[in-house]
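Values below: every heavy atom of this structure, side chains too, minus hydrogens, waters and symmetry copies. Proteins come first, then strands; the chains are lettered A, B, ... in the order of their sequence lines, and each starts at number 1. A quick note: this is a predicted structure, and the numbers were derived from the prediction, not measured.
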Amino acid sequence: MADDIEERKRAEETRSRLAAIVESSDDAIIEKTLDGVITSWNEAAERLYGYTAEEAVGKSISILLPPDRRDELTEILERVRRGERVRHYETRRARKDGKIIDVSLTVSPIRDSTDGIMGASTIAHDITESREAEERYRMMFENMGDAVAVYQTVDEGQDFIFKGFNRVAETIEKVKREDVIDRRVTQAFPGVKEFGILEVFRRVWRTGKPEHFPAGLYKDQRIVGWRENYVYRLPSGEVVAIYQDITERRQAEEKLRLQSEITENMFEGVVLTRVGDGAIVYTNRRAEEMFGVGSGELVGKKIATTVATSTDGRSPKSVVREITAILRERGSWSGEVRTVKKDGGLFWCRVGISMLQSSQYGAVSVAVHEDITERKRVEDELRGSEAKLKDAQSLGRIGSWEFDVESSKIAWSDQTYELYERDVALGPPTVEEEAAYYSPEQAAGLHEYARRAITEGIDFRYDLEVDLPSGRHAFYSGTMRPVKNADGRVVRLFGTVQDITERKRMQDELRRYSEHLGELVSERTVELEESERKYRSLVESIPDVPWTTDQKGGTTFISHNVTRVYGYTPEEIYEAGDTVWLGRIHPDDLPHVQEAFEALFTKNQMFDVEYRIQRKDGNWIWLHDRSVSTHEKGGVRYAYGVFSDITHRKRTEEQLRATRERLEYVVASNPAVIYTAKPLADLSDFRLTYVSDRVVSMLGCEPHEMVGHPDFWELHTPPEDARRVLSQMPRLWKEGQHTFEYRFLHRDGTYRWIREEAKVVRDADGNPVEVNGYWTDVTERRRLEEALARSQQLAAIGEMAAMVGHDLRNPLQGMTSTLYVAKQMFRSPKATERREAKKLLDTLDGEIQYMDKIVSDLQDYAAPLQPKLAHTNPDELLRNTMLSMSIAKNVKVRIIGKKNVQKVELDEFLLRRVLTNLITNAVQAMPKGGKLTLETSTTDNHLAISIRDTGVGIPRENLRRLFGPFFTTKAKGQGLGLAVCRRLVEAQGGSIEVESKVGRGSTFVVKLPLKRQK
Amino acid sequence: MMKEEKKQRILVIDDDRVVLNGFKRALQLKGYTVDTAETGKEAIMKSKRAFYDLALIDIRLPDMEGTRLLSEMRDSVPHMVKIIVTGYPSQENAVEALNKGADAYIIKPILNTAEFLGAIKEHLRKHEEAKKYDEEKMVEYVKARAEEHEAKVSSRRSRK
């Protein structure tokens, strides 16, 4: 008895505690009637939906339904009416202010003391935010093309430990997440200090101000690459670096810059050699052609052992050393060198070499090779011809002659006779004879020369074409010089004659060669023009703008596409000097641009800046401007550079940063743990690839523990829960999303209930490639639900125990008393009394049967049912049932049924119990007698067995609760009979219905399906 | 055991005939005269018409609670032993029953009938004794008063 009171007290306390929890609950808790009228409304409901309790109570719940969800209410209420619970039903609801929100509803029936359902309680949980957060986060992750690293600060900001590392980061850095997580950044990336970002991390950690760490070259023994970082601090104090690998962009820029370098030098073959070790680091296509090697074949080889050779017997190494020395001293070298091809052939190059500071290779020499083999060959040949001429001259085939003016006599030297093929014995020729050697015009010309030489005293030099008696046509060169006497009168003429046929031939040849040379030169010029044109069009078609400026910032060259970007034409820029460049830069950016520009000239430091500049039309744009080196030309130093319009990128970056920041906050402040996972190949499970840091506060374990150890989850989940979750996997893959609920062992040793929402990401073929989801801790909710269910269960058990107790006690009481009397009477010496005792014992049968019925009903109601279906004739079954029952004499029984009714699949044993029950009820409803009609009939789909009485009937208000458990109007009996009937019929796939009128009688109809779906 | 002339009368009140018959048979076996009632109303009516030494009252009756029947019968038949029989044992029931004048509280089912009958007998005996004791006290008191009176009268006489 004391226990009983304690139990009640506890129940009472539980009840008041539950009431307090309801009011203070963060989840909206609403109670409503089965018609949907709100009867209770807590504070959280007011917060969630905007209606106050005064506004809401008494109204229909439909005020919360958005237009497209009107039908839901009927459906939910229908389920509640059937006694079902609607759990974690996710839907949308309208707030008072019209806003639509995502909610998760759990709707439970509220039962009255007699266990009828009088209403429903709804627990609503706002999931809008977690939905959106999840969606955003998923988008972020899926679309994030940038590397993300999350660090925890240690040693007062001296170092940082990796807490997160995304997939893009893994790809860029060529490391596995597991290999960096929990390691110090200075260990995982030893070059980080030199890189300079450690300082930025510290600053951001201290100030919380996000910083952009501009492009820089990260280098350690394992990995080298250009990185551009954005660094943030999370509210949790962790530092996040979002960064990109811009190595490729850098390399592209480098190449572009080299190309402009090359154009300036009017290059042909280009070879870049690292000054430090003389290794070739780059050759262009033309150079490869020249040297007869394949693409990239020379890269990494030493210049001295490949292409260099010498002309004067010195070793190629010493030539290289000598040139390097000059380069170091003067910055450039040029000359003609003999170069060796891969196949061993030698050729001549004119080479211009200059020094260059490359960000990629360090100090390099750029050698521009012009193949001058052809020119050299022509020159060589020419030299050979000249030598021959010299030989001819030295042979001295020169004749001479004298003419005496007074006597008009001519005298020839022997050599002259030889030249003219005239026999010395014949003596000098006459004028006519001499004229025969020449053409008439030439003869006349010679005569004229002689006349003028005599009269005017002038020297003549001339060429002659001579037809020799042998028929040879020769070229002679002649001179004539007047010889004067003492008073200045010309008395003689002295002349020489020389065979110049050979020379003439040489000269012709030479001329022909020179003409050929001209052709070659013009051919080359065309080629060069063509390549220049090609290059120019290339330059103009790229979006970046190459430029050349002097040290003062005055532009001397700029690509035409500057106009598109900047508004000004190149001509306007040339004219205006630095005013259209430095003069239009944003004042905030100007100092660092100027500083960097100066450093380019003075310290040879790479110029790489981003700044705002005002366009001609007044709009501000962002430029990324870079230049690597300067050159001197004509005593002036120039810088070559290229800039690009990054306004769009900047804006995007700005937006991206803002978005990221917001998302990071959302992720960090989200009470849910977000994860991503990869499905296993056999789809039996998935493996976590990312778990958000929230897991630390939720489950006490670190994200890396969950991600790093495939068994971690299973080891921390009770086996039955793990089995259940894994058994639901096929549904996840099939439906694309699934909600799991299971327990997980917190580090503190307690189990937490986790609600896991998993979503499948599929590839184009529909195969699952990833799972995204989140966990929420629903322990408290589960606890409340369980407490509620337990108290409901206890109440139900208590109620039932009381009923059954009472009902069993009475027959028991009767039996005990009777047995006692019987025992006493058996001891009696009178035979009549002993006979009487036997009769008494017989009366006990009834009590035993009654008690058996109570126990059977309870079992039927509570125990699981497994009907054994067999083809049975329902008519026969009905008749057999009737035969086994004793019916009161004042009741007339009539059985209506077709003779050849078809056999129906049913469980004979169960159906017999149902019919017995219903018939007993019918008889009991007619205490004063009446008619009992039993009828079997079939429709297309159903077998119907009806039991009709003409008894007292059932009041309308009781009809609804008739089939519920523990409902009874009888003084005796626990009210399980009809509940059991319904259960037994439904277990066979059928249904049970009732029609009744008070004072007229009732009809119960059992319907069973004729055709069963397999 | 019981003398014919002193046959005691017992009223059993329960809505279940099975219980009524069981009790009736057992009590009759012990020589009591037994009457039964199935409702509270019937019980009140019977207790007014005849005298019963003892009543066994089921706590739950179709027309009224057993405790209500108790209080009504306390007024009409104060000298009857009243025993509440219940299948719903609870402390509240017991306290209420005793407060309303029950002499005992018995929980159904009574599995040991001999003990139950013994208890009935004991209750009746105690009741008889109490009644007897009361009568003796009364006699003593009257005697004492009478003697006192006697003494006063004689002393007054002696003064005169």
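- Two residues are said to be in side-chain contact when any heavy atoms from C-beta on lie closer than 4.5 Å; Leu29(B) and Met825(A) meet this criterion.
- Crowding of Phe826(A) atom CZ: a count of heavy atoms from other residues, nucleotides or ligands under 6.0 Å exceeding 12.
- In this structure, Lys46(B) places its NZ atom where more than 12 heavy-atom neighbours from other residues, nucleotides or ligands lie under 6.0 Å away.
- More than 12 heavy atoms of other residues, nucleotides or ligands sit less than 6.0 Å from atom CD of Glu129(B).
- Residue contact with chain B, scored on non-hydrogen atoms closer than 4.5 Å, involves the side chain of Leu840(A) exclusively.
- Contacts between Leu117(B) and chain A at a heavy-atom distance below 4.5 Å involve the side chain alone, from C-beta outward.
- Between Thr816(A) and Thr113(B) the shortest heavy-atom distance is O-OG1, 3.5 Å.
- Enclosure of atom CD in Glu995(A) is not indicated, since only 12 or fewer non-hydrogen atoms of other residues, nucleotides or ligands lie within 6.0 angstrom.
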key: Step-by-step side-chain contact (heavy atoms from CB on, under 4.5 Å) determination, Arg25(B) to Tyr820(A)   = CA-CA 9 Å; Arg25(B) 280 193 201 103; Tyr820(A) 175 81; over 6 Å; no
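- Around the CZ atom of Arg17(B), the shell of radius 6.0 Å holds no more than 12 heavy atoms that belong to other residues, nucleotides or ligands.
- Here the CD atom belonging to Gln813(A) is positioned 10.0 Å from the CG atom belonging to Asp16(B), to the nearest 0.5 angstrom.
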